[in-house]
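Numbers for residues simply follow the sequence, beginning at 1.
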Amino acid sequence: ENSIKSNCGLQVMSEYLNEAHRAFEQELKEIENEQKRQVVMIDGIDEDETPNPTLADFKLLRRIFVSDACIKQLNAVERKLSLVGRDDEDDPICMLSTRHAREFYSIFNKEIAKCTKLSRESKHDACMANLIAVVFGFKNYQHCFFDTDTPDVAQRILNKVAKIWKKLMELEISVIGIDEDTKKVLYSVCSDVQEELGQQEYDFDVGSYQAPEVTETHESQKKKKDKNQESQKQPARKRRLSPTD
């Protein structure tokens, strides 16, 4: 479920909130339809800090817009990771210990291998979709990096992902299947992961977001050219003689 309701963790506490909530959902739906992508919320509203959130508060929440294939991959990886330490999907009790870190690492390594294969095949959008799922796995299951007896294995996993990430980010956003805003937010998610894992001296260096260079579009260049041509066609103004001339 990718609705804003499930991701923000909100209870409708008043008509005011309900109105702002609906307005934000409508804006997201319009963007989804325009981009033909689905929204995934990164942040949520803290009801204690913001008991009566406005539309402006909702708009501050980080979100990304991704393909259906990415949503499918996010759900698939989440399902695999969520089963670690449980007998099956219906088991409500998750018992984790240090030994389970290896199971998490195995899942990550298999997904990273898929990313590497897709990258070599120049299927960059599919590779990006898989990589996003892995990064979200890092974000949501950080404990496997802390409660482990093989931190060297964990660091190698982070290194592999960082290497693929940097390679993908050298490509045009249209090639990797995301928009510029999503790219910027994903960098901030990676920064969050680095900040948390850095407390245990892990290094997850994917670099920093670089805004694209502003270049003139073909349309703006044409308008400038037409304006220059128009000014050249206008006759030069005759100089008015002063009494002293």
- Task: Please lay out, stage by stage, how N109 and S106 fare under the test side-chain hydrogen bond (donor to acceptor under 3.5 Å, both in side chains).
- Result: CA-CA 5 Å; N109 274 321; S106 176; over 6 Å; no

- How far apart are the C-alpha atoms of Y105 and T148, what are their side-chain angles, what is the distance that settles it, and do they pass the side-chain hydrogen bond (donor to acceptor under 3.5 Å, both in side chains) test? CA-CA 10 Å; Y105 299 163; T148 180; 3.1 Å; yes

- Might you point out which heavy atoms bring L168 and I176 nearest each other, and give the distance in Å?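 Nearest pair, atom of L168 first, then I176: O-CG2, 3.8 Å.
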
Can [X] and [Y] be counted as an ion pair, charged N to O under 4.0 angstrom?
X	Y	value
R22	E19	no
R99	D147	no
E121	K117	yes
K183	D179	no
D68	R37	no

- Could you please spell out the steps behind the side-chain contact (heavy atoms from CB on, under 4.5 Å) verdict for E111 and K114? CA-CA 5 Å; E111 296 303 322; K114 293 179 185 177; 3.3 Å; yes

- Query: Would Q155 and L158 satisfy side-chain contact (heavy atoms from CB on, under 4.5 Å), going step by step from the backbone distance to the final call?
  - Reply: CA-CA 5 Å; Q155 183 59 64; L158 296 172; 4.0 Å; yes

Going hydrophobic residue to hydrophobic residue with side-chain gaps under 4.5 angstrom, can you get from [X] over to [Y]?
X	Y	value
L171	L118	no
L83	L81	no
I178	V175	yes
M41	L55	yes

- Rounded distance (nearest 0.5 Å) linking atom NZ of K59 with atom CG of D57: 11.5 Å

- In this structure, CD of Q194 is separated from CD of Q199 (nearest 0.5 Å) by 10.5 Å

- Query: Does R86 reach the main-chain N or O of C94 with its side chain, forming a donor-acceptor pair under 3.5 Å?
  - Reply: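 Here the side-chain-to-backbone pair does not exist.
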
- Query: Is it true that a side-chain atom of T150 and a backbone atom of V153 form a donor plus acceptor pair closer than 3.5 Å?
  - Reply: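 Flag not set: sc T150 to bb V153 has no pair under 3.5 Å.
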
Close side-chain approach of [X] and [Y], heavy atoms under 4.5 Å:
X	Y	value
E30	Q26	yes
I64	V39	no
Y187	M169	yes
V185	R63	no
I42	L61	no
I112	I164	yes

Going by atom type alone, with no hydrogens or angles, which donor-acceptor pairs under 3.5 Å involve a side-chain atom of residues 124-144 and a protein atom two or more places apart or on another chain?
residue, atom, partner, partner atom, Å
N140, ND2, F136, O, 3.2
Y141, OH, E78, OE1, 3.4
Y141, OH, E78, OE2, 2.8
Q142, NE2, K139, O, 3.3

- Message: Let's go through K36 and F65 carefully: what are the C-alpha distance in whole Å and the side-chain angles of both, what is the deciding distance for side-chain contact (heavy atoms from CB on, under 4.5 Å) to 0.1 Å, and is it a yes or a no?
- Response: CA-CA 9 Å; K36 293 181 173 54; F65 291 88; over 6 Å; no

- Query: For S188 and R62, what are the C-alpha separation, side-chain angles and deciding distance, and is it a side-chain hydrogen bond (donor to acceptor under 3.5 Å, both in side chains)?
  - Reply: CA-CA 9 Å; S188 73; R62 292 180 301 172; 3.0 Å; yes

- Chi angles and distances behind the side-chain contact (heavy atoms from CB on, under 4.5 Å) call for K110, K80: CA-CA 11 Å; K110 289 177 181 177; K80 293 174 185 176; over 6 Å; no

- Do other residues, nucleotides or ligands put more than 12 heavy atoms under 6.0 Å from K29 NZ?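 For K29, atom NZ is not crowded (no more than 12 foreign heavy atoms under 6.0 Å).
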
Only distances under 3.5 Å count here; give the side-chain donor-acceptor pairs of residues 200-208 to other protein atoms, sequence neighbours excluded, each with its distance to 0.1 Å.
residue, atom, partner, partner atom, Å
Y202, OH, F145, O, 2.6
D205, OD1, G207, N, 3.1
S208, OG, Q210, NE2, 3.2

